[in-house]
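Naming convention: chains lettered A, B, ... in sequence-line order (proteins, then strands); numbering from 1 in each chain.
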Amino acid sequence: MKKSTVFRYLFLAIFNSFVVYSIPLTITFESWFLLSLILLISLLVNIVYFSDRFLPMKWILPGMIFLISFVVFPAVYNTFVSFTNWSTGHILTKSQVVNILESRTFTPEDQQGIEFDLYVFQDTNLEFYYLADIDDQNILFGKAVTFENINDSNFAVHEPSLIQNGDIIPPSGFNLLTGKDQIANSTTLQELSLVIDENTRAQLFKISVFGASTGLLSSTSQLYTFDESSDSITNNSTNTICMAEVDNFVCDGEEIDPGWRVFVGFDNYQKLFSNQRIRGPLSLVTKWTFQFAFVTVLLAFSVGLFLSLVLNKENLKFQRIYRAIFILPYAIPAFVSVLVWKGLLNPDYGVINTWLSPLYEMLEIEPIQWLKTKESARSAVLLVNTWLGFPYMFLITTGALQSIPKNLIEAARVDGASSLQTFWRIVFPLLMVSISPLLIGSFAFNFNNFTLIFLLSGGGPPVIGSEVAVGWTDILISFSYKLAISGGRGNLFGLASTVSIIIFALVLLISAISFRYTKRLERIYGNI
Amino acid sequence: MTFIKNVCMYIQKGEYMKNNKSRFIVILLMLSMVAVACGGDTAEEVVETPEVTEAPQETLAAPATTAPPPEVIVVWAEEKVATALDPLVGAYEAAAGVDVEVVVYDFGAIRTDVQTAGPAGEGPDVFLGAHDWVGELAANGVIQPINLSSVSADLFEVGINAFSYDGMSYGFPYATEAIAMYYNADLTDGVPASWDDVKAACDAAGTELCVGAPGGGGGADAYHNHPFVASAGGYVFKISGGFDPNDVGLDNANALVSAEYLDSLVKDGVVASTDYSGSMSAFQEGRSLFWMTGPWARNDASAVNYNVGLIPAFGDSPATPFVGVRGAMVSSFSEKKLLAESFILDFFATVEVQEAMYNSDPRLPATKSLFAIVEAADPVAAAFAASASNGIPMPNIPEMGSVWGPFGDALLIIRDQAYGTNEETGVTVNSATDAMKLAAEQIRTAIAGG
Amino acid sequence: MEISKFNNWFKEFGWRHLVALIFVVFAIYPILYVLTNSFADFANLTNSKLIPDSLTLKHYKLLSGNPLVPYSDWLYNTYKISIIAAFFNVFLGTLAAYAFSRLQFKGRRASLLTLVIVQMFPSFLAFVAIYLLFFQISDVIPIMGLGTHFGLILVYLGGSIGFNSWLIKGFMDTISPSLDEAAKVDGASEFQIFSKIIAPLTRPILIVIFVITFIGIYSDYILAAIFLKDKNLWTVAVGINTVFVDDFNADWGVIAASSVIAATPIAMLFIFFQKQITGGLTAGSVKG
């Protein structure tokens, strides 16, 4: 038996014991996301590594596990959200909402703001008793009971003897709890109340470790009671029944916050396509998004490739220094360098206008008001993004150039081709075979380059007189962000997720077309 | 150990390799054995875990010889507050017998993370946040009302109002802030009382720019420009009890007059077309006489010899900046709400803690007792407080999300004089009035659910 | 004579220097602002002046000796995480690339395409999803849960195959198959061919990808901020953003100083690595 086989089985044994170990845990913690992920991955691992049939998968799977966990899973989650009403006021599950509503108490108006010292005792059975020092006529003592036992409990009795000259005298067999003791028992105490009469109870609301704790009065009934059979809640302070309607309980036509998450099918998609107000700006934004992503890739790639060609020359002095400098823009955090660019672009004192001023004078034109007009803002965005993006292209092309066989180039030279001809006929096509997917990736990245737009122009300047607030440099992702946070009543995550699905569809379409083109390239120049 | 040896020997012999099926079975067997060997103990522990946590109740009958582990309060706080709290919580921990775990958080991230972590059962008990999150957080059901009555006498009205939503209090306010007017004390003696006199002051000082205020220069900023529209009767939302999302007053007669006045200030060169960083460098380099911004910028402003005054009045109406308030809130997913509330009211609200926080991050105090201490020692803080006392809290209702974009854009158009016509919609915006009307319309449609 | 000599030099080298210098100015001018502001008493990255009025070392001092700002820890964490994550990124990407380049199987192109396209999904809620997932991981497997460098590194491996693999595959394709056939005849296993022949020959592109991934992880803020809650475990990006950036104002002097401190080793590293990238391939190893 080969060593590698032993290794393989050992690995699988460890892996599977790990899986077996974690499955009961995920069930205990009700971690369903994780459980399904673990099951999926262990299934894949066992199938691939036990059998000899899936040789290529043996090489691909390690990376794929992470791809599934941290790229595919979020994408699936995102898709799932796009079919829900997830938005401000609807982020919880229905049972969470019922819990929150049922935990609310209310205080009848005439008792509001009555606040008093509350003392906690414990008897020998370690049961809790409260003493509420409301006023001289009401020094009430009794057993503290949980909400379920309120109706069975005796009313608290007036026991003035327990307070003498401001000192608390615990009845015999009872222990007065200090603030520290109360805090140690706070999770129990917060569920307890002292029943004063049929309608009123006293509850602890502030434990003080430096003085007396404080209590408040509230009604013996909770504010809302949920009735499962009729799927409604009753407001006990006003005695109204509030039915569950879609994603909220509704009392007298008024929705009660919070609501809950539900599936809404294709509602979000429909909303997006049927809304006239969004549709107008959407076409404008889509057009610019394409222009922006395309031109940005073109510029960054041209500059990067040009520079790597210029430096790809043996015995060129300072070559290393040049190269190190060219990757510097990549090494500075974007939020820092974009701000510097904002300063450079400042129309009044920025360096760019200072340098351009001879040109302005020569052409007798007004200085460009950078970032304040449509054209200048768009050019600025492209300029800054080229600066941010060319080092990446420079690095990639420098690396990829090394794979181009030198003897091919020499052969072309011998055949009398000029260096330009050699470049366009041999170097460039070969380069494109390995680089074009990255260009497509870069296109996709810039298609969604929220950070740059957000930092540099914020999407502005505003498009004057449009139906919704939108700017000339807004791209789809920044526009949908604006839509998502300004959705009438707060955030519309469902709608935003829908936009991202549509963006993905667009990207997919473009990629399909581009990859078709690269396939042709590969057929001609590649070795597939 | 012998078990593993046996397994290894078995593998080395390779006998099970004769056919695929038997190989698979053997491996499976081996695995489950290894799994039992490696995972068995821990799996059992898990099953036991619930018993362990419930154990204290059973042992209650017996005299408590071993103290139960202390309760833990998890607090999410921004860095500067956390720094101030760190040395102080020890005293409370000792007195209360709890562990206070202060997690340092990026301030903005708290808003989103409490809404994700809370419902998943992983959130904090207490967290710090801005008052304008309250509507969203309350509508989402992630914060718990708290009872401020025991401390309200010491709190400024504006702070209490800021954290009220739907008739309930949702946070203990600990700091407020509002913008005022910085001036270059080497070049002028103070801020004119009225905007009508600002131009003369700048002409006398001879600076290149007059008032630098964020919200121009291509960078929309409704927050800083609120006084320009809302000081003399304009408003974002009508205040009646709470903020009324159905009454938008950005295009009422008073707001339009104010906006036109801002337009004339811009045309006269009084209010420069600057964004935040532009207004900052202009003030630092002495190119502008005034800078309209908040107390956070004091360190940046100290590049020149500065002082602070009220924002000039609009006619008889004092300028009303937006007031931002920060406070401590209780998560509705906390299992220790009583403890969390007690922590805030009994510890966090004390003047010692408040003062330590002020020293670490000098925003305006929200408590009267601390303000009394600060006011005497720091005239600049007093100037900011005076400005805030004229202001109104930023609306805390979730509908505010629909306001920032259109409102900021309209003001940007006025500040940059970027009027024009939209060829696609045919809408013309040729004046401040047009800009404000359009913005108000966009806001109303968005709130109506369009 | 002299002139024609210069002309020749210019044709061969000079113009390259000229072009390079122009772009050096383009690349470096904005960075000079970051550099000078790191020494400015009142730093403001949008200053009209490149050289500030008063110079100071206070920002660097704040980052080197302040107990409240454990900057050296952050720097260490950042390097640790970036190096480990970038290494495994390259490793996993190379494994996958080997399969796509050297093994014949059906749907090869389609599966590679799928891997690449999946990476383009603009998940609006990716961070929420990852956050939720890691709550559960924290319960079940605490050593790779939230708050750990281990978990963060795992998330960074999500992008290890896809674009990287494509690039590496393209490079591998240019290595002559005769090499591995020869090795096979000598009895080398698939893994030996990979580790002894193909991977070393792919070195230039592997280093490029390492550098790119390293910088990407190095400057990541959002994921790291979700993960790391303990001040001593923060990365530089998280620490700087949490401590020195607020709603409106930010301590640009410190941020500039930190950017300089963080960027310098990257430039150094790159100077060091260049030979590996452009050193050329072993003669004869490339098919032609």
For residues C:F194 and A:W59, establish whether the separation of their ring centroids is below 6.0 Å. yes
Suppose we call two aromatic rings close when their centres sit under 6.0 Å apart. Are C:Y29 and A:W355 close by that rule?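 Yes; A:W355 has its ring centre under 6.0 Å from that of C:Y29.
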Checking [X] against chain A: side chain, backbone, both or neither under 4.5 Å from a heavy atom?
X: C:N44; result: neither
X: C:I212; result: both
X: C:V118; result: both
X: C:L95; result: both
X: C:I271; result: both
X: C:Y156; result: neither
X: C:Y98; result: side chain
X: C:V245; result: side chain
X: C:I137; result: both
X: C:I205; result: side chain
X: C:F134; result: side chain
X: C:A20; result: both
X: C:V236; result: neither
X: C:S160; result: side chain

Which residue out of [options] racks up the most heavy-atom pairs below 4.5 Å with chain C?
options: A:G350, A:P333, A:A444, A:A331; result: A:A331
options: A:V71, A:T354, A:L316; result: A:L316
options: A:E30, A:K342, A:K58, A:R323; result: A:R323
options: A:L37, A:V507, A:N346, A:N78; result: A:N78
options: A:F33, A:F70, A:Y481, A:W32; result: A:F70
options: A:L328, A:I38, A:I65, A:V310; result: A:V310

Please flag which part of [X] lies under 4.5 Å from any non-hydrogen atom of chain C: side chain, backbone, both or neither.
X: A:F504; result: both
X: A:S22; result: both
X: A:V336; result: both
X: A:W387; result: both
X: A:I325; result: both
X: A:M57; result: neither
X: A:V76; result: neither
X: A:V351; result: side chain
X: A:L508; result: side chain
X: A:F447; result: neither
X: A:F443; result: neither
X: A:I440; result: both
X: A:I327; result: side chain
X: A:L67; result: both

Backbone of C:P204 reached by a side-chain donor or acceptor of A:Q402 within 3.5 Å: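 Flag not set: sc A:Q402 to bb C:P204 has no pair under 3.5 Å.
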Main-chain N/O of A:L309 paired with C:R16 side-chain donor or acceptor, under 3.5 Å: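 Such a contact is found between C:R16 side chain and A:L309 backbone.
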Minimum heavy-atom separation for [X] to [Y], with atom names?
X: A:I503; Y: C:P122; value: CG2-CG, 3.8 Å
X: C:L92; Y: A:P62; value: CD2-CB, 3.5 Å
X: C:A99; Y: A:P56; value: CB-O, 3.7 Å
X: A:Y21; Y: C:V140; value: OH-O, 4.2 Å
X: C:Q274; Y: A:A324; value: NE2-N, 3.8 Å

Looking at [options], which one has more heavy-atom pairs under 4.5 Å with chain A than the rest?
options: C:F26, C:F270, C:F121; result: C:F121
options: C:V208, C:D139, C:L115; result: C:D139
options: C:I161, C:T94, C:L50; result: C:I161
options: C:S165, C:A129, C:G170; result: C:A129

Distance col, row A:I396:CD1 vs C:L167:CG, nearest 0.5 angstrom, shows 5.0 Å
Quick check: are there more than 12 heavy atoms from other residues, nucleotides or ligands sitting under 6.0 Å from CZ of C:F105?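 Count over threshold, so yes.
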Quick check with a 6.0 Å cut-off and a 45 degree axis cone: is A:K317 positioned over the face of C:F13's six-membered ring? no
